[in-house]
There are 2 protein chains.
Amino acid sequence: MKALVLKDKLELADIPPPVRKPGEALIRIQLAGICNTDLELLRGYMDFAGVPGHEFVGEVVASDDPRWTGRRITGEINAGCGQCRWCLEGLSRHCPKRTVLGIAGHQGAFAEYIVLPEANLHQIPDHVTDRTAVFTEPLAAALEIAEQIHLHPSTRVCVIGDGKLGLLVAEVLHQFCHDVTLVGRHHRKMALVEPSGIVTTPLDQPPVGPFDLVVEASGAATGWELALSLVRPRGTLILKSTFAGKAPLNLAPLVIDEITLIGSRCGPFPPAIQWLASGRIRPEPMIHAVLPLAEYEQALALARSPESLKVLLQIS
Amino acid sequence: MKALVLKDKLELADIPPPVRKPGEALIRIQLAGICNTDLELLRGYMDFAGVPGHEFVGEVVASDDPRWTGRRITGEINAGCGQCRWCLEGLSRHCPKRTVLGIAGHQGAFAEYIVLPEANLHQIPDHVTDRTAVFTEPLAAALEIAEQIHLHPSTRVCVIGDGKLGLLVAEVLHQFCHDVTLVGRHHRKMALVEPSGIVTTPLDQPPVGPFDLVVEASGAATGWELALSLVRPRGTLILKSTFAGKAPLNLAPLVIDEITLIGSRCGPFPPAIQWLASGRIRPEPMIHAVLPLAEYEQALALARSPESLKVLLQIS
């Protein structure tokens with residue numbers, strides 16, 4: 001099968017398709033999304049080697065349970081051991097032995113085929129387009145914030161970063177909290193969320209704080225400093241982006257102002273699919289380009305451009 | 001009056017006593033404790049100039065409310081504006097206009113006299129010795145953790161750092177949680193908490209995690225790295241020490257494991273006094289030396305020694 005393989009560099013290669021084990025489904029990938037984590041993996045994050053890609057829509061072509069065969073699905077990316085405390089609590093995304101599709105120990109979705117445990121699969125309702133459904137994974141990551149903390153209708157929120165995840169986080173939080181401000185660098189990107197009633201403001205004219213909740217989704221050290229300056233004493237700061245490598249950070253303000261800092265990663269798929277199916281979140285305007293797998297170099301270049309948002313790879 | 005004054009260096013000086021304003025009490029200091037924050041101020045933290053010292057026992061010699069005069073008291077160190085949201089919620093320790101005794105904008109307790117708002121005063125029960133009562137402020141800081149998070153009886157706790165605050169934190173948390181481990185460098189210090197049933201272990205043989213709750217009270221970058229390695233996914237890490245200056249810290253594990261990091265500073269005085277009065281916490285074995293104010297240089301040298309714990313200044 002054709003797949004993008006990262007070894008020392010990324011190449012389009014012809015490799016054997018993955019072999020399905022009992023309990024797993026073999027999936028033909030139709031559409032896959034390029035995420036900032038993919039771009040970080042290509043820069044050396046996690047020392048990843050193999051096939052990247054974890055946002056996808058596909059069709060099950062073989063499975064133990066015949067009810068899955070032929071279904072259009074997406075899938076949760078963490079696969080746990082199934083036996084530890086985390087897996088038994090339904091939180092296999094924290095299983096210490098987990099693999100992560102296209103990120104750690106599991107070949108990813110920039111390929112014609114993948115395998116995933118059947119337990120990870122989620123059917124996509126017929127009326128939801130591939131181009132909408134491919135946002136399930138990042139939307140789930142945005143919804144994770146509502147899993148972690150109590151969002152009051154009156155919570156005053158600021159989201160820093162107008163990338164794909166920042167926009168989704170702002171839209172999700174605005175469904176819970178009436179006062180949401182998005183800070184970013186690109187007016188064209190921020191304009192996408194303005195119709196929802198989200199206040200937007202450029203990074204060089206930051207809003208007047210303090211905010212009860214600040215979400216750092218820019219991945220930049222400047223975003224961290226701004227977040228600290230905007231959150232109120234005893235407020236909450238959500239860290240939604242991984243910084244690759246160590247940065248010099250001053251944690252004293254966290255102590256003095258008794259800030260709660262919460263790391264936030266993957267989230268729940270079923271509500272994400274429901275929100276996409278109901279039209280509560282409409283992500284398609286965030287799509288910048290859809291390119292065939294063979295044009296991956298151009299796709300990655302577009303995805304790296306600060307001006308662009310979501311770039312998709314059409315795989316079959 | 002005699003006072004220790006920090007300008008470019010610390011000196012014992014003769015300066016005018018502070019002038020009491022309406023609503024304030026004039027207090028003659030009897031006993032004052034040297035805290036790590038004082039040692040940091042002397043190293044330049046907060047650009048402090050003036051009289052340091054914020055842990056004290058004293059006697060009210062003048063006040064608007066005659067019921068205070070002659071009472072033996074200690075006092076909360078944050079003085080708020082009295083009008084903002086924080087002050088109205090009883091949290092003047094987060095008032096943005098606050099002064100902090102001996103730390104920010106308010107002359108401290110390494111002096112014969114101080115002034116403090118009467119609202120900050122707490123009477124000390126007659127049977128509580130000065131040497132016990134002087135621990136009210138640091139014990140309140142340890143109790144602050146129980147104000148911030150729900151401590152379950154079964155919460156598995158690790159405290160990193162065997163300094164004064166680390167020992168108090170371990171003792172306080174052990175009153176809520178049955179399984180508490182203290183990690184430190186000094187067997188003699190850690191031996192003070194072993195009779196309570198707290199497990200102690202040297203820093204070079206760290207315990208086997210993961211822990212639900214880890215408290216970083218060492219103030220060292222190594223303590224931070226150890227804390228991150230010991231806390232479970234979705235666990236809580238309390239930052240109880242201020243790092244002066246920026247340190248290179250890797251925050252990616254916070255995101256991947258969805259850790260909640262909470263800064264923790266000053267705490268509530270009334271429960272601290274009650275705990276000292278009831279003997280629930282008996283801090284006097286932590287006293288390393290009591291020296292007169294004139295011997296402050298020796299007192300500070302002792303306080304700086306990694307081997308020592310609490311050093312007190314007898315002022316009157």
Side-chain angles (χ1 to χ4, degrees), chain A residues 37 40 45-46 78 84-86 89 91 93-96 98 100 103-104 141 144-145 147-149 209-210 216-217 219 221 224-225 228 231-267, chain B residues 37 40 45-46 78 84-86 89 91 93-96 98 100 103-104 141 144-145 147-149 209-210 216-217 219 221 224-225 228 231-267:
Chain A
T37 303
E40 287 179 20
Y45 177 61
M46 305 278 292
N78 298 277
C84 72
R85 148 185 185 186
W86 299 101
E89 283 179 13
L91 276 169
R93 53 189 192 261
H94 285 294
C95 170
R98 72 184 177 275
V100 190
I103 295 176
E144 177 70 354
I145 296 170
E147 295 283 342
Q148 293 178 289
I149 63 167
E216 183 351 71
W224 164 265
E225 298 287 345
L228 271 183
V231 67
R232 70 166 169 82
R234 290 203 168 186
T236 301
L237 201 164
I238 302 262
L239 210 52
K240 201 66 215 182
S241 58
T242 50
F243 296 72
K246 297 186 179 187
L249 299 173
N250 184 0
L251 294 186
L254 284 187
V255 177
I256 292 168
D257 286 338
E258 297 194 315
I259 305 303
T260 295
L261 174 67
I262 302 179
S264 181
R265 189 171 46 102
C266 298
Chain B
T37 303
E40 286 179 21
Y45 177 59
M46 306 276 291
N78 297 278
C84 71
R85 148 186 184 184
W86 299 102
E89 283 180 11
L91 277 170
R93 53 189 193 262
H94 285 293
C95 170
R98 71 184 178 275
V100 190
I103 295 175
E144 177 69 355
I145 296 170
E147 295 282 343
Q148 293 177 288
I149 63 167
E216 178 0 65
W224 164 265
E225 297 287 345
L228 271 184
V231 68
R232 69 165 169 82
R234 291 203 167 186
T236 301
L237 202 164
I238 302 263
L239 211 50
K240 200 65 216 181
S241 58
T242 49
F243 296 72
K246 295 187 181 186
L249 299 174
N250 183 0
L251 295 186
L254 285 187
V255 177
I256 292 168
D257 286 338
E258 298 194 315
I259 306 301
T260 295
L261 174 66
I262 303 179
S264 180
R265 190 171 47 101
C266 298

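Per chain, numbering begins at 1; letters A, B, ... match sequence-line order.
- Chain B forms more heavy-atom pairs under 4.5 Å with one residue of A/S264, A/P210, A/P96 than with any other, namely A/S264.
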>> B/E89 vs A/R234, test: side-chain contact (heavy atoms from CB on, under 4.5 Å). Steps then yes/no.
In response: CA-CA 13 Å; B/E89 283 180 11; A/R234 290 203 168 186; over 6 Å; no
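- The two residues B/L239 and A/L254 have their closest heavy-atom pair at CD2-CD1, 4.5 Å.
- Neither the backbone nor the side chain of B/I238 comes within less than 4.5 Å of any heavy atom in chain A.
- Interface remark: A/L237 contributes no atoms to any contact with chain B (heavy atom separation under 4.5 Å).
- For A/I259, the part lying near chain B is the backbone, with the side chain staying farther off; criterion is any non-hydrogen pair under 4.5 Å.
- Between A/R265 and B/E258, the shortest heavy-atom contact is N-OE2, 2.7 Å.
- For the pair A/H94 and B/I256, the tightest heavy-atom approach, listed with the atom from each and the gap, is CE1-O, 3.7 Å.
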